[in-house]
Amino acid sequence: MIFNFKKSTVKAVKLSYKYKVQSLPFLNFQRYSYVNVYMKWKKDSYFDSIEHIHESIQLKPIIALKNCIVQDPNGCIPISAVSKRGLELDVPVKVARFLRQYPSIFEEFTGPKYNLPWFRLTPEAAEIDKDEKRVYEECRGELKSRLRKMILMTRENVLPLKIIQGMQWYLGLPNDFLQHPEQNLDESFKFVEMEDGLKGLTLDSGEKIYSAMEKNAMKRGLYTGGPMEAIEFPLYPSKGLRLRTKIENWLHEFQKLPYISPYDDIPSFDRNSDIVEKRLVGVLHELLSLFVEHSAERKKLFCLKKYFGLPQKVHKAFERHPHMFYLSFRNKTCTVILKEAYRSNSAIEKHPLLRVRKKYIKLMKESEVILRNRRVKNRFYNCNAELDLDSNNLNERGHDMTSCSLEQVM
């Protein structure tokens, strides 16, 4: 590991809050600032093996196609209805080929016209779809709350609709959530016109919102709800990952800095200071805690930088804090995982939709068995066909030889 540090000198800090300077805990200045850090990545097989995280990429287009089928009044569609929507639905290959890869979810049959292939859900997939709809109906308030929190973490309490639509999968919102505002949103949400002609969704802040970090600290009696209190992040070192002594010393001092809630405006501190770094880590921690799998493709988070006021190199924060975030490189992409969600059972609230997605993934896995059995059966049939052909050839050859012998005798 390579770490570059620069010594910091004690300077007067300009505060926008009306607090006595001597009462603020971050005036215990640190010796070093944590800048330009390069840390060697350390593989962790535990996080690389969490199935519902890494199968989520394949599950997303499956759910999108499933929704196209169930939205049809007949509960079935011809392949022509979705064959040209592959890019829109995030299907990585030709749509027909993709549907045939999952026979446990999609059932193919010949349509009434022109012998085109049609698709419908299998009974097992249809049952899970009903369960999914029940979750959406029963947990409508919680889903709305997660969207509310995400918007309130932005600098101006507003997000473009296209950004929200891009985050719907992670938040666990149904694909038509914004199309029915009268059902899914309350009067505190408002549609507005934004820059560049974008349409956005905003809301009034209303009552104070506490982050997951603040709630957990309150439960342990380590936080009273006041501003600029120090809250330590829970750390979960991966096996074999060791930090140098000076880094551990920096981290110890970093934990003593005040925790600035992602829902509060940040004071006018130096953007390169450690207290701003801690606020950034707090935003990323809270954001991932709202998601279904408490993880996300790292590149998908970059679209939030402008609206959340994140630095240009926000991805470096994940690398600088490997005790909090794990970077998985499975599926030829980089996935950020919040470690606390999988190392502490009660710290991060589970998303109500997670149980349903696990059911889909389990059913999705059954497709591998079905396809394997089909290949074995086809080989068996082909083998029998070849044997029958060889037998017929031998019989014909024997008949020809008998005929030849009779002709010679005569």
Side-chain angles (χ1 to χ4, degrees), residues 56 59-60 63-64 66-68 70-72 88-90 129-212 214-215 261-265 283-296 300-301 303-310 348-357 360:
S56 177
L59 182 60
K60 184 179 179 182
I63 298 298
K66 182 267 301 180
N67 290 335
C68 292
V70 298
Q71 288 169 3
D72 188 273
E88 173 193 345
L89 301 174
D90 285 335
D129 176 67
K130 292 179 182 177
D131 191 13
E132 182 181 11
K133 286 183 170 63
R134 283 194 295 269
V135 171
Y136 285 142
E137 187 64 31
E138 295 171 0
C139 303
R140 193 188 304 273
E142 182 173 344
L143 297 178
K144 179 174 63 179
S145 174
R146 290 174 185 265
L147 175 60
R148 179 191 301 276
K149 289 179 179 180
M150 185 174 182
I151 294 176
L152 289 179
M153 277 194 284
T154 62
R155 290 187 299 179
E156 299 178 0
N157 292 350
V158 62
L159 264 181
L161 297 184
K162 67 175 186 177
I163 298 294
I164 297 175
Q165 290 167 348
M167 292 288 112
Q168 282 184 152
W169 175 256
Y170 294 120
L171 289 170
L173 305 178
N175 64 329
D176 60 350
F177 187 84
L178 294 177
Q179 297 174 16
H180 304 285
E182 67 283 351
Q183 298 177 8
N184 300 317
L185 304 176
D186 55 41
E187 61 278 1
S188 63
F189 290 88
K190 296 178 182 178
F191 292 97
V192 296
E193 293 289 335
M194 298 181 63
E195 300 174 354
D196 303 325
L198 295 176
K199 291 186 177 181
L201 186 63
T202 185
L203 52 83
D204 300 325
S205 57
E207 62 182 17
K208 178 175 175 57
I209 294 180
Y210 292 99
S211 67
E214 291 172 316
K215 290 178 181 178
S261 172
Y263 304 107
D264 293 340
D265 294 332
V283 169
L284 298 175
H285 180 283
E286 181 69 6
L287 187 63
L288 291 174
S289 72
L290 299 177
F291 292 168
V292 178
E293 290 95 7
H294 307 302
S295 64
K300 299 291 187 181
L301 301 178
C303 65
L304 303 176
K305 289 189 292 187
K306 175 181 177 181
Y307 305 100
F308 281 69
L310 304 178
I348 305 296
E349 185 179 359
K350 290 185 178 181
H351 197 289
L353 196 63
L354 180 60
R355 174 183 57 84
V356 176
R357 286 193 182 173
Y360 276 121

Query - From CD1 (Ile348) to CG (Leu288), nearest 0.5 Å - result: 9.5 Å
Report task. Rounded to the nearest 0.5 Å, what's the gap from CE on Met153 to CG on Leu287? Could you check? Result -> 5.0 Å
Requested in this report: Go through Met167 and Leu159 one step at a time and tell me if the side-chain contact (heavy atoms from CB on, under 4.5 Å) criterion holds.
Outcome: CA-CA 11 Å; Met167 292 288 112; Leu159 264 181; over 6 Å; no
**Report entry** salt bridge (Lys or Arg N to Asp or Glu O under 4.0 Å) between Arg146 and Glu142, intermediate numbers included
**Finding:** CA-CA 6 Å; Arg146 290 174 185 265; Glu142 182 173 344; 3.0 Å; yes
Query raised in the report: Do Leu143 and Leu171 come within less than 4.5 Å of each other through their side chains, counting heavy atoms only?
Result: no
Query raised in the report: Is there a side-chain contact between Lys199 and Glu193, using heavy atoms and a 4.5 Å cut-off?
Result: yes
Requested in this report: Please confirm whether the backbone N or O of Leu198 pairs with a side-chain atom of Asp196, one donor and one acceptor, at under 3.5 Å?
Outcome: no
Report task. With the side chain counted from C-beta on, respond yes when Val356 and Arg134 share a heavy-atom pair under 4.5 Å apart, and no when they do not. Result -> no
**Report entry** Tyr263 side chain reached by Ser211 side chain, heavy atoms, under 4.5 Å
**Finding:** yes
Query raised in the report: From Leu353 CG over to Tyr360 OH, what is the distance, rounded to the nearest 0.5 angstrom?
Result: 8.5 Å
Query - Spacing of CG belonging to Asp131 relative to CZ belonging to Arg355, to within rounding of 0.5 Å - result: 4.5 Å
Report task. Output the distance between atom NZ (Lys149) and atom OG (Ser289), rounded to the nearest 0.5 Å. Result -> 7.0 Å
Query - Intermediate values then yes/no, side-chain contact (heavy atoms from CB on, under 4.5 Å), Arg140 and Gln183 - result: CA-CA 9 Å; Arg140 193 188 304 273; Gln183 298 177 8; 4.0 Å; yes
Query raised in the report: Any donor and acceptor pair, going by atom type alone, linking the side chain of His180 with main-chain N or O of Phe177 inside 3.5 Å?
Result: no
Query raised in the report: What do the steps show when you test Ile163 against Lys306 for side-chain contact (heavy atoms from CB on, under 4.5 Å), and what is the final call?
Result: CA-CA 11 Å; Ile163 298 294; Lys306 175 181 177 181; over 6 Å; no
Query raised in the report: How far apart are the closest heavy atoms of Asn184 and Lys144, and which atoms are they?
Result: O-CD, 3.3 Å
Report summary line: Minimal heavy-atom distance between Tyr210 and Glu214, with the atoms involved, is CA-OE1, 3.3 Å
Report task. Look only at the side chain of Arg148 and the backbone of Phe189, and say whether a donor-acceptor pair between them is shorter than 3.5 Å. Result -> no
Requested in this report: Kindly compute the distance separating CD (Glu156) from CZ (Phe308), expressed to the nearest 0.5 Å.
Outcome: 12.5 Å
Query raised in the report: Do the side chain of Thr202 and the main chain of Lys190 share a donor and acceptor less than 3.5 angstrom apart?
Result: no
Query raised in the report: Is a side-chain donor or acceptor of Glu293 paired with a backbone partner of Leu354 at a separation under 3.5 angstrom?
Result: no
Query - Close side-chain approach of Leu147 to Leu185, heavy-atom, < 4.5 Å - result: yes
Query raised in the report: Which pair of heavy atoms, one from Phe191 and one from Pro181, lies closest together, and at what distance?
Result: CE1-CB, 3.8 Å
Query raised in the report: With side chains defined as the heavy atoms from C-beta onward, is the minimum distance between Tyr170 and Val292 less than 4.5 Å?
Result: no
Query - Met150 side chain reached by Ile164 side chain, heavy atoms, under 4.5 Å - result: no
Query raised in the report: Does any non-hydrogen side-chain atom of Leu178 lie less than 4.5 Å from one of Leu201?
Result: yes
Report summary line: Scanning both residues in full, the closest heavy-atom pair of Glu286 with Pro262 reads CB-CG, 3.8 Å
